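Each remark here refers to the structure printed beneath this line.
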Amino acid sequence: MTNDLSDLIRPEGIAEGLAVVSKKALFQQLGQLAAAAYGMDAKAAADGLAVREKLGSTGFGGGVAIPHARLIGIDAICGVIVTLAKPIDVDAVDELPVDLVVALFSPPDAGADHLKALARVSRALRDAKFVAKLRGSGSKDAMYALLAPDEARDAA
């Protein structure tokens, strides 16, 4: 089974070793990364993640979180992925700190497509071997290679 997420995450949407000490700082960094990769408003992206997080933690266990938001002004579902220099507490369901984060951003009317994208990312990140490879990838290029099948990488 492939964990192809290349349609959701561009190479420019990858960062590793981010130094953050709080959820708020994490969301600001994710917003800035999304702004650089997709041209969205960094503050709106960070605020959208924070608003969603107030409904409940998006840390789903095993040191992984999938914060997500619906944003006005984007026309396709997109995401960013980061590893953290030091794990942070995000009130995850298993109470473990998080060091791998995939943030998803969807248009307000994405509906079922937003849920499908979330489910795909969640499925991929439940694969312990895949998560271990992402954590140990060592570079943004190596991380993208794990997210994309060979055909998508060759076209990038």
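This one's a predicted model, so the numbers in the text were calculated from it and none came from an experiment.
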What residues, two or more places apart in sequence or in another chain, satisfy side chain to side chain contact (heavy atoms under 4.5 Å, CB included) together with [X]?
X	result
Ala76	none
Ala42	Gln32, Ala35
Lys24	Ser22, Gln28
Ala132	none

- [ ] Return the set of residues passing side-chain hydrogen bond (donor to acceptor under 3.5 Å, both in side chains) with Ser122 (not counting sequence neighbours), or none when no residue passes.
- [x]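 With neighbours one apart ignored, the set is Arg126.
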
Task: salt bridge (Lys or Arg N to Asp or Glu O under 4.0 Å) pairs, two or more places apart, involving residues 42-62 - done: Lys23-Glu53, Lys43-Asp47

Open item on the list: Please list all pairs meeting salt bridge (Lys or Arg N to Asp or Glu O under 4.0 Å) that have one or both residues in residues 5-19, counting only residues at least two apart or in different chains.
Closed with: Asp7-Arg120

Using distance only, find each side-chain donor-acceptor pair of residues 78-92 under 3.5 Å and give its atom names and separation, not counting sequence neighbours.
from: Thr83; atom 1: OG1; to: Gly17; atom 2: N; distance (Å): 3.0
from: Asp89; atom 1: OD1; to: Asp91; atom 2: N; distance (Å): 3.0

With sequence neighbours left out, which residue pairs that include part of [range] fulfil the ring-ring contact (aromatic ring centres under 6.0 Å, His included) condition?
range	result
residues 121-143	none
residues 11-50	none
residues 82-103	none

What is the distance from atom [atom1] of [X] to atom [atom2] of [Y], rounded to the nearest 0.5 Å?
X	Y	atom1	atom2	value
Leu147	Leu8	CG	CG	9.5 Å
Leu5	Tyr144	CG	OH	10.0 Å
Leu146	Lys133	CG	NZ	7.0 Å
Leu26	Leu18	CG	CG	7.5 Å

Side-chain donor-acceptor pairs of residues 93-111 under 3.5 Å, sequence neighbours excluded:
from: Asp94; atom 1: OD1; to: Leu96; atom 2: N; distance (Å): 3.0
from: Asp94; atom 1: OD2; to: Gly62; atom 2: N; distance (Å): 2.7
from: Asp99; atom 1: OD1; to: Arg135; atom 2: NE; distance (Å): 2.8
from: Asp99; atom 1: OD1; to: Arg135; atom 2: NH2; distance (Å): 2.8
from: Asp99; atom 1: OD2; to: Arg135; atom 2: NE; distance (Å): 3.1
from: Ser106; atom 1: OG; to: His114; atom 2: ND1; distance (Å): 2.5

Open item on the list: Looking at every heavy atom in both Ala148 and Ser6, which two are closest together, and how far apart are they?
Closed with: CB-CB, 3.6 Å

Open item on the list: Counting C-beta onward and ignoring hydrogens, is there a side-chain heavy-atom pair between Leu49 and Thr58 closer than 4.5 Å?
Closed with: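 In short, these two side chains do not touch, never coming nearer than 4.5 Å.
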
Open item on the list: A quick test of your reading: do over 12 heavy atoms of other residues, nucleotides or ligands sit less than 6.0 Å from CG of Leu115?
Closed with: yes

